[in-house]
Amino acid sequence: MNQPALLSKQNIIFAILLVVLVAFPFVADSRTLTILLTQIFIFGILAMSYDILLGYTGIVSFGHAMFFGIGAYSTAIMLKEIQPTIPVFIGSIVVGMVLAGILSFFVGLLTLRLKSHFFAMLTLAISGLLLVVAEKWRSVTKGNDGFTFRAPDVFKDRIVFYFCVLACLVIVFLILRRFVNSPLGRVLIAIRENEQRTRSLGFKTLHYKVISSIVAGVIASLAGSLYAISLRFVNTSMMTMDITLDALLMTIIGGVGTLVGPLVGSVVIEFAQHYLSGLARDYPIFERWIIFFGIIYILAVVFFPKGIVGSILTKISKLKQRDQVPLPESKERSK
């Protein structure tokens with residue numbers, strides 16, 4: 001008998017991990033690890049949004065940080081200019097998502113007609129344009145100096161914020177999993193595999209790619225809002241290429257087209273950055289920790305060419321296929 005969908009092995013593993021993460025703040029009294037896990041959750045959301053583009057639609061974007069920055073600035077400005085309350089915080093998330101959705105819609109219409117590498121470079125140019133606007137519009141953004149703001153009082157307790165971000169991560173994961181498993185998600189996968197053939201079947205591929213861009217932009221904006229709250233500070237560094245590269249690395253290292261992969265990639269990247277930079281304080285050799293970080297990335301690509309999760313799933317699939325192949329004796333007996 002087939003197991004019910006809710007009792008599948010995958011869902012049981014996810015449930016166990018969720019229980020462990022919920023119990024963590026009560027078991028381990030470590031402020032540093034709590035903050036680090038919160039950062040992992042936030043960048044996990046960002047990486048999942050990028051995976052919708054790269055892993056499921058086959059789109060490489062170099063301008064994903066602009067949506068992240070829009071969410072961060074929307075939340076920071078509204079909390080600073082209005083008042084630091086939960087309703088304003090929720091409203092700022094909604095405003096950021098709407099702005100990111102509108103921008104991603106127009107950017108998608110303008111750029112997604114181009115081939116992959118031309119699209120990637122044009123998104124980089126648009127992101128750079130928005131970065132210049134943010135740097136020059138000092139009356140609102142304070143330029144590269146940035147500004148601090150007060151978060152809602154309830155978030156003064158880092159554990160409360162930890163659970164808030166964890167809840168957002170779970171909700172986003174469930175929504176995106178439903179999205180990629182829907183008929184629309186299947187069309188996106190078909191576009192990734194062979195866009196010309198998908199178009200010949202009657203699908204307007206541009207429309208589907210724009211939808212993918214909007215979904216990715218909206219989720220990235222949510223990650224930006226949460227990141228701004230975690231720092232209580234915002235500046236133009238949140239719209240730079242570094243943010244996009246982090247999302248790209250997390251997706252590739254974890255495994256493109258898996259959703260779980262970007263989460264694993266965010267764990268690897270954030271822990272590596274945290275501990276390598278920490279070692280630099282004690283050991284001079286680690287002062288150039290970014291070099292060791294690059295070595296970790298190279299090793300991950302060499303030993304896990306499809307990403308960590310992608311390589312594991314491929315291995316499991318091969319084992320299942322080998323087990324399902326009938327033995328020669330059984331073939332003769334069946335005759």
Side-chain angles (χ1 to χ4, degrees), residues 41-79 87-112 119 123 126-127 130-131 134 164-185 187-189 191-192 206-230 234 238-239 243-244 246-248 250-251 256-257 259 262-263 266:
F41 298 158
I42 293 172
F43 279 96
I45 294 173
L46 176 65
M48 282 194 295
S49 72
Y50 195 85
D51 194 35
I52 295 297
L53 292 176
L54 179 63
Y56 287 94
T57 319
I59 298 172
V60 178
S61 172
F62 288 155
H64 205 55
M66 59 184 164
F67 307 117
F68 186 84
I70 286 173
Y73 272 109
S74 297
T75 295
I77 292 171
M78 289 185 65
L79 289 178
V88 175
F89 170 59
I90 295 174
S92 71
I93 291 177
V94 174
V95 169
M97 286 182 165
V98 171
L99 292 176
I102 294 172
L103 179 62
S104 59
F105 172 75
F106 286 107
V107 170
L109 285 180
L110 290 172
T111 61
L112 287 171
F119 166 79
T123 56
I126 295 174
S127 178
L130 287 181
L131 177 60
C164 175
V165 177
L166 177 59
C168 290
L169 174 67
V170 172
I171 292 170
V172 168
F173 176 78
L174 294 176
I175 291 174
L176 292 183
R177 188 171 70 165
R178 182 70 187 90
F179 174 75
V180 298
N181 289 325
S182 67
L184 191 152
V187 175
L188 295 180
I189 295 173
I191 293 172
R192 178 195 68 192
L206 177 62
H207 294 177
Y208 287 94
K209 290 197 291 185
V210 169
I211 292 173
S212 173
S213 176
I214 293 173
V215 171
V218 167
I219 300 300
S221 173
L222 171 62
S225 294
L226 296 174
Y227 188 62
I229 288 290
S230 71
V234 67
M238 295 183 182
M239 301 183 73
I243 298 294
T244 301
D246 281 343
L248 176 62
M250 290 172 185
T251 304
V256 295
L259 280 187
L263 298 179
S266 67

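Since we're looking at a predicted model, the values are computed, not measured. We number each residue from 1, following the sequence as shown.
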Of all heavy-atom pairs between [X] and [Y], which one has the smallest distance, and what is that distance?
| X | Y | result |
| --- | --- | --- |
| V234 | A72 | CG2-CB, 4.0 Å |
| H64 | A220 | NE2-CB, 3.5 Å |
| L103 | M66 | CD2-SD, 4.2 Å |

Give a yes or no answer on whether the side chain of [X] reaches the backbone of [Y] with a donor-acceptor pair at less than 3.5 Å.
| X | Y | result |
| --- | --- | --- |
| T251 | A247 | yes |
| T57 | I52 | yes |
| D51 | L259 | yes |
| T75 | G71 | yes |
| S74 | S92 | no |
| S221 | I70 | no |
| Y56 | I189 | no |

### Task
Look at the aromatic rings of F68 and Y227 and report parallel, tilted or perpendicular, splitting at 30° and 60°.
tilted

Any chance you could measure [X], atom [atom1], to [Y], atom [atom2], to the nearest 0.5 Å?
| X | Y | atom1 | atom2 | answer |
| --- | --- | --- | --- | --- |
| S230 | I42 | OG | CD1 | 4.0 Å |
| S127 | L131 | OG | CG | 6.5 Å |
| I45 | L176 | CD1 | CG | 9.5 Å |
| F43 | D246 | CZ | CG | 6.0 Å |
| I243 | F67 | CD1 | CZ | 14.5 Å |

### Message
Quick one, L263 with L169, criterion side chain to side chain contact (heavy atoms under 4.5 Å, CB included). Give me CA distance, side-chain angles, the key distance, then yes/no.
### Response
CA-CA 10 Å; L263 298 179; L169 174 67; 3.6 Å; yes

### Task
Evaluate the criterion side chain to side chain contact (heavy atoms under 4.5 Å, CB included) for residue pair T123 and T244; output intermediate values, then yes/no.
CA-CA 11 Å; T123 56; T244 301; over 6 Å; no

### Message
M250 vs Y50, test: side chain to side chain contact (heavy atoms under 4.5 Å, CB included). Steps then yes/no.
### Response
CA-CA 9 Å; M250 290 172 185; Y50 195 85; over 6 Å; no

### Task
For the pair M97 and V94, evaluate side chain to side chain contact (heavy atoms under 4.5 Å, CB included) and give the outcome as yes or no after the intermediate values.
CA-CA 5 Å; M97 286 182 165; V94 174; 5.7 Å; no

